[in-house]
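When reading the values below, keep in mind they use all heavy atoms of this one structure, side chains included, and skip hydrogens, waters and symmetry mates. One-based numbering along the sequence shown. Indexing begins at 1, ligand by ligand and atom by atom, following the structure's order.
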Amino acid sequence: MGGAMIYERIALIGLGLIAGSMGLRIKRDGLAGEVVGHARTEATRQTAMARGLVDRVCTTAAEAVAGADLVVLCVPVGAMAEVAAEIGPHLAPGATVSDVGSVKRAVIEAVAPHLPQGVHFVPAHPLAGTEHSGPDSGFPQLFENRWCLLTPEDADPDAVDRLTRLWRALGSDVEALDVDHHDLAVAVTSHAPHLIAYTMVGVADDLRRVTDGEVIKYSAGGFRDFTRIAASDPTMWRDVFLNNREATLEILGRFTEELFALQRAIRTGDGALLHDYFTRTRAIRRGIIEAGQDTAAPDFGRGPKGDDA
Ligand code: NAP
């Protein structure tokens, strides 16, 4: 597990949920000689130091990446290009740049053009998260028993191996995937479900306005879960949908077709169709439980887990 140092100096750009969880675990297990961090606001940098997410903070991303052999971009997907442009000229030769963005094709297109020759780019996406965000939200067990997907394309194999070792040391199972396959897979398992949760909460809120009734007060199981997912960070999720547009629209198209089929079954009283459908979906849930993926991690006192992006 921990112990062995994998990088001399890791720079984390952005100090929210994901970077904070990485920093706490890297420091706890001695996976790097030093962890340096940067966030754009002073308040975030102060909290990061107070919580010990990193060993030191820098006021600019350029300063933070100097001399780092691993740089991980942990900002919202829409901010990746700007950050990459800033750090490009300051990266150490032979360094690895990675990211944790929830979308891979758009991030590669945003980041790769800014990286100099001799710097290795290994994009990554940990499938772990909660509805909380910011420098107060991270915890070192976040990635335990979760997948971390890499989309290395033709990246240097040694750089890929080293990053794989880091994510394994953070507690994750690591797998390499084709970029577009990644984007479609997360559209169906994470992005579209989030949009549906946002929509359902919006519908209930609308109904409340129209009826002036107490819909939300009587919040029951299914809806309560939707409201938790719909509490996820608005900036991050705006960027996910704007940057995984094609795959999300493809999945939402299929979703709408299925929804119409179920709607019709209800209208026509086709109980057999509904029963068969729900039997099939129940089996999928059992499969997820058997694969140990029903919760992101045990509840470490920070509320329910598993709303990864
Ligand atoms: P977060 O908690 O909201 O933290 C975002 C961090 O990025 C903050 O430190 C923020 O700094 C900084 N930041 C925001 N906009 C910036 C900009 N324009 N320039 C520079 N820094 C900026 O976010 P997170 O949940 O850790 O997500 C980070 C990345 O991980 C995203 O790309 C997301 O898609 C991906 N991801 C998230 C999850 C999840 O479930 N949360 C799961 C997997 C992957 P300030 O506080 O100073 O503004």
Side-chain angles (χ1 to χ4, degrees), residues 11-25 36-51 53-54 57-65 71-87 98-108 110-111 123-139 142-143 146-151 167 170 172 182-183 185-187 189-191 193-194 197 228-244 248 295-297 302-309:
L12 301 173
I13 309 302
L15 292 169
L17 171 69
I18 302 292
S21 300
M22 291 180 75
L24 286 170
R25 181 65 171 244
V36 185
H38 163 73
R40 59 184 172 168
T41 61
E42 176 62 22
T44 299
R45 295 194 293 267
Q46 277 180 9
T47 306
M49 283 307 288
R51 288 199 65 213
L53 308 182
V54 292
V57 287
C58 300
T59 48
T60 67
E63 243 180 287
V65 304
V71 174
V72 189
L73 309 181
C74 304
V75 297
V77 168
M80 295 278 181
E82 186 191 325
V83 170
E86 185 190 339
I87 65 170
S98 187
D99 74 293
V100 294
S102 308
V103 177
K104 296 278 57 104
R105 175 67 63 202
V107 168
I108 292 168
V111 172
H125 177 199
L127 302 189
T130 74
E131 71 276 26
H132 304 295
S133 57
D136 279 312
S137 59
F139 55 102
L142 177 66
F143 308 110
R146 304 297 290 177
W147 286 103
C148 181
L149 303 177
L150 307 184
T151 58
W167 278 104
L170 294 174
S172 293
H182 166 277
D183 286 356
V186 295
T189 57
S190 168
H191 302 173
H194 269 79
R228 184 169 53 75
I229 296 170
S232 301
D233 187 65
T235 304
M236 175 188 142
W237 282 96
R238 176 201 63 196
D239 287 1
V240 166
F241 293 118
L242 294 181
N243 289 281
N244 200 17
T248 307
T295 53
R302 285 172 184 271
K305 299 296 180 310
D307 308 317
D308 51 285

Candidates Val75, Leu127, Ile18; heavy atom nearest atom 31 (C) of ligand 1 found on Val75
Walk me through whether Val111 and Asp99 qualify under side chain to side chain contact (heavy atoms under 4.5 Å, CB included).
CA-CA 9 Å; Val111 172; Asp99 74 293; 5.8 Å; no
Give the ring-plane orientation class for Trp237 versus His194, where under 30° counts as parallel, over 60° as perpendicular and anything between as tilted.
parallel
With backbone taken as N, CA, C and O and side chain as the heavy atoms from C-beta onward, which portion of Arg40 lies under 4.0 Å from ligand 1: side chain, backbone, both, or neither?
both
Any chance you could lay out the side chain to side chain contact (heavy atoms under 4.5 Å, CB included) test for His191 and Val103, step after step, and finish with the verdict?
CA-CA 10 Å; His191 302 173; Val103 177; 4.0 Å; yes
For Cys58 against Glu63, the heavy-atom pair lying closest together
CB-CB, 3.8 Å
Near Pro76 (heavy-atom distance under 4.0 Å), the atoms of ligand 1 are 7 (O), 13 (N), 14 (C), 15 (N), 31 (C), 32 (O)
In ligand 1, the atoms that come under 4.0 Å of a heavy atom of Thr44 are 9 (O), 45 (P), 46 (O), 47 (O)
Enumerate the atoms of ligand 1 whose separation from the nearest heavy atom of Gly134 is less than 4.0 angstrom.
1 (P), 2 (O)
4.5 Å side-chain heavy-atom contact, Leu142 and Thr130:
yes
Quick one: does Ala79 get an N or O within less than 3.5 Å of an N or O on ligand 1?
no
Suppose I only count heavy atoms of Thr41 and a 4.0 Å limit; which atoms of ligand 1 are within that range?
45 (P), 46 (O), 47 (O)
Looking only at non-hydrogen atoms, find the nearest pair between Ala124 and Lys104 and report the distance.
O-NZ, 2.8 Å
Heteroatom proximity flag, Leu15 to ligand 1, N/O under 3.5 Å
yes
For ligand 1, the portion of Ser102 having any non-hydrogen atom under 4.0 Å away:
both
With a 4.5 Å heavy-atom cut-off, do Pro123 and Val107 have their side chains touching?
no
Under a 4.0 angstrom heavy-atom cut-off, which atoms of ligand 1 come close to Gly101?
32 (O)
If we set the cut-off at 4.0 Å for heavy atoms, which region of Val100 has an atom near ligand 1: side chain, backbone, both, or neither?
both
State whether the shortest distance between N or O atoms of Pro126 and N or O atoms of ligand 1 falls below 3.5 angstrom.
no
Do any N/O atoms on Gly14 end up under 3.5 angstrom from N/O atoms on ligand 1?
no
Using heavy atoms and a threshold below 4.0 Å, how should the contact between Ala128 and ligand 1 be classified: side chain, backbone, both, or neither?
backbone
Hey, mind stepping through Asp239 and Met80 against side chain to side chain contact (heavy atoms under 4.5 Å, CB included) and telling me if it holds?
CA-CA 10 Å; Asp239 287 1; Met80 295 278 181; over 6 Å; no
Under 4.0 Å from ligand 1, counting heavy atoms only, is it the side chain of His125, its backbone, both or neither?
side chain
Just so I know, are the side chains of His125 and Leu127 near enough to count as touching, which here means a heavy-atom distance under 4.5 Å?
yes
Heavy-atom nearest pair, Leu170 first then Phe143, reads O-CB, 3.6 Å
Heavy-atom nearest neighbour of atom 5 (C) of ligand 1 within options Ala39, Gly37, Cys74, Ser190
Cys74
